[in-house]
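Just follow the structure's listing: the first ligand is 1, and inside any ligand the first atom is 1. For the single chain, residues carry numbers from 1 onward in sequence order.
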Amino acid sequence: MNYFLTDDQKMIKDLAAQIAREKIAPIAAELDESGEFPWEVVKTLAQSDLFRVFIPTEYDGLGGGMFEMCLVVEELSRACSGIALAYAASGLGTIPIILFGNEEQKKKYLPRLAAGEILAAFGLTESGAGSDAAAIKTTAKPDGDCYVMNGTKQWITNGGEASIYTVVALTDPVRGVRGSSTILVDKGQPGFTFGKKENKMGIRASATRELVFQDCRVPKSNLLAKEGMGFLVAMKTLDQSRPGVASQALGIAQGAMDKAIEYSRERKQFGKPISAFQGIQFMLADMSTEIEAARWLCYLPVSLLDAGKSPRDVSTEIARSKLYAVDMGIRTCTKAVQILGGYGLSPEYQVERRLRDVLELLPAAGTQEIMRVSIGSAITR
Ligand SMILES: Cc1cc2nc3c(=O)[nH]c(=O)nc-3n(C[C@H](O)[C@H](O)[C@H](O)COP(=O)(O)OP(=O)(O)OC[C@H]3O[C@@H](n4cnc5c(N)ncnc54)[C@H](O)[C@@H]3O)c2cc1C
């Protein structure tokens, strides 16, 4: 099935698939065990120009959009979703610069991000502000030509590894979320350090850390958009990035099904391959049907976004794609574990890793319940 992809999109998808197969799959289990950040693979992705795909051509990108980014994320996730998340989270930190950066900010950061020389990250979540992102407490008080930042962000993907952080903080705390702004903070800025690294159940090759700000002075020229627009920037960024999480779930599910098919052809019981049993075929049939359904649900909203629809116009479709793809991924990976019998639980066969990885996507970029809140309120309005 070619999914109406353009020649360029097919080329990008094939290239990402080749890297996933040849360079990532052989080391995926090792990375899962060690939890080490995959800088070597990041370099390979950079040399293959995959960081350029969603960056405008004026800033050394290839001028693609979210669809191209999602195709890469899907293919990388088939082999290792930790690497896919490192790539996608850099996109999450970069999107606000593309959408809201001024010329100077774009010129400073986008060409280096496109070349994969540096990674980006996005800092919104705090200990008291998860689903209720409007409850953030981190402050960025104006002081002369700087903001003075104080507070802690948590669960930040690429934390410690990225060079540039798009951070949402309160520039006018009295106004609450209406007084929030988005500020670019460079790694190494005095007063900006990293807290503990999360020892996650899945997606272990990606780094998740706290960002700690203690009287960190950041030049006012690092403000994205305008003061007071922080929440709007964050919500538009999340809408654009949720299809990336859906694509990750899709790729993980496809990888799990590939393994299950391969195993079912080889494993013999009662004198025949278990793939000959209708019970196994029915499970595989359901898996492949759900994967295809998720693929169409994912590809539609990103095509609409790239065609110029505003994220607000397609936010219901985007929420549906994240909700369905993650729930589908959990069902599919569970069936894959089941098809492998006892071996499904062994790290050697790499389906239990995929189940752990896809479970990790339940809260990422908004929980499943928040997706339902968004869809439910839209259809009952
Ligand atoms: C792998 C991973 C990567 C992440 N990367 C980043 C990142 O790069 N940057 C960043 O800023 N954050 C990141 N996050 C954080 C993520 O955005 C939050 O985990 C998410 O917003 C949920 O917040 P929480 O974990 O505090 O859960 P909570 O909001 O505390 O939710 C707990 C439970 O309550 C439910 N709940 C909450 N509100 C409602 C409601 N109104 N109705 C019904 N149920 C509700 C939730 O669905 C959930 O089941 C990441 C998380 C993960 C797991």
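Counted within 6.0 Å of CZ on R372, heavy atoms from surrounding residues, nucleotides or ligands total more than 12; the atom is thus considered enclosed. Within a 6.0 Å radius of OH in Y3, other residues, nucleotides and ligands contribute more than 12 heavy atoms. Around NZ of K23, the count of heavy atoms belonging to other residues, nucleotides or ligands within 6.0 Å does not exceed 12. By the neighbour-count criterion of 12 heavy atoms within 6.0 Å, atom NZ of K226 is sparsely surrounded, having that number or fewer from other residues, nucleotides or ligands. Counting heavy atoms of neighbouring residues, nucleotides and ligands inside a 6.0 Å radius, atom CD of Q281 exceeds 12 of them. For Y343, the OH atom is loosely surrounded, since the number of other residues' heavy atoms within 6.0 Å does not exceed 12. The environment of NZ in K197 is crowded: more than 12 heavy-atom neighbours from other residues, nucleotides or ligands sit within 6.0 Å.
Nearest protein heavy-atom neighbour of atom 9 (N) of ligand 1: F122 O, 2.8 Å. The nearest heavy-atom contact from the protein to atom 6 (C) of ligand 1 is W155 O, 2.8 Å. Counting only heavy atoms of the protein, atom 37 (C) of ligand 1 lies nearest to S131 OG, 3.6 Å. Ranking the protein heavy atoms by distance from atom 26 (O) of ligand 1 puts G130 CA, 3.3 Å first. With hydrogens left out, the protein atom closest to atom 44 (N) of ligand 1 is E369 CB, 3.5 Å, a heavy atom. Of the protein's heavy atoms, T125 OG1, 3.5 Å lies nearest to atom 17 (O) of ligand 1. Residue, atom and distance of the protein heavy atom nearest to atom 25 (O) of ligand 1 are P363 CB, 4.6 Å. Atom 40 (C) of ligand 1 has its closest protein heavy atom at I370 CD1, 4.0 Å.
In this structure, the side chains of I318 and L305 come closer than 4.5 Å at one or more pairs of heavy atoms.
Note that atom 53 (C) of ligand 1 has protein non-hydrogen atoms nearby, at separations under 4.0 angstrom. Under the 4.0 angstrom criterion, atom 50 (C) of ligand 1 counts as having a protein heavy-atom contact. Counting protein heavy atoms under 4.0 angstrom from atom 34 (O) of ligand 1 gives zero. Atom 22 (C) of ligand 1 lies below 4.0 Å from at least one non-hydrogen atom of the protein.
Residue L124 has at least one nitrogen or oxygen atom sitting less than 3.5 Å from a nitrogen or oxygen atom of ligand 1, judged on distance alone. Backbone and side-chain nitrogen or oxygen atoms of T157 are examined, and one is located within less than 3.5 angstrom of a nitrogen or oxygen of ligand 1. Considering backbone and side-chain N/O of D132, none are found under 3.5 Å from N/O of ligand 1. Looking at ligand 1, you won't find any N or O of G366 less than 3.5 Å from one of its N or O atoms.
Relative ring orientation between F192 and Y165 is described as perpendicular, the plane-to-plane angle rising above 60° on a 0-90° scale split at 30° and 60°.
Ligand 1 has I156 within reach: a non-hydrogen atom of the residue lies less than 4.0 Å from it.
Under the side chain to side chain contact (heavy atoms under 4.5 Å, CB included) test applied with R204, the options E33, E36, R356, R353 reduce to a single match, R356.
Taking CD of Q214 as the reference point, atom CE of M149 lies at 12.5 Å (rounded to 0.5 Å).
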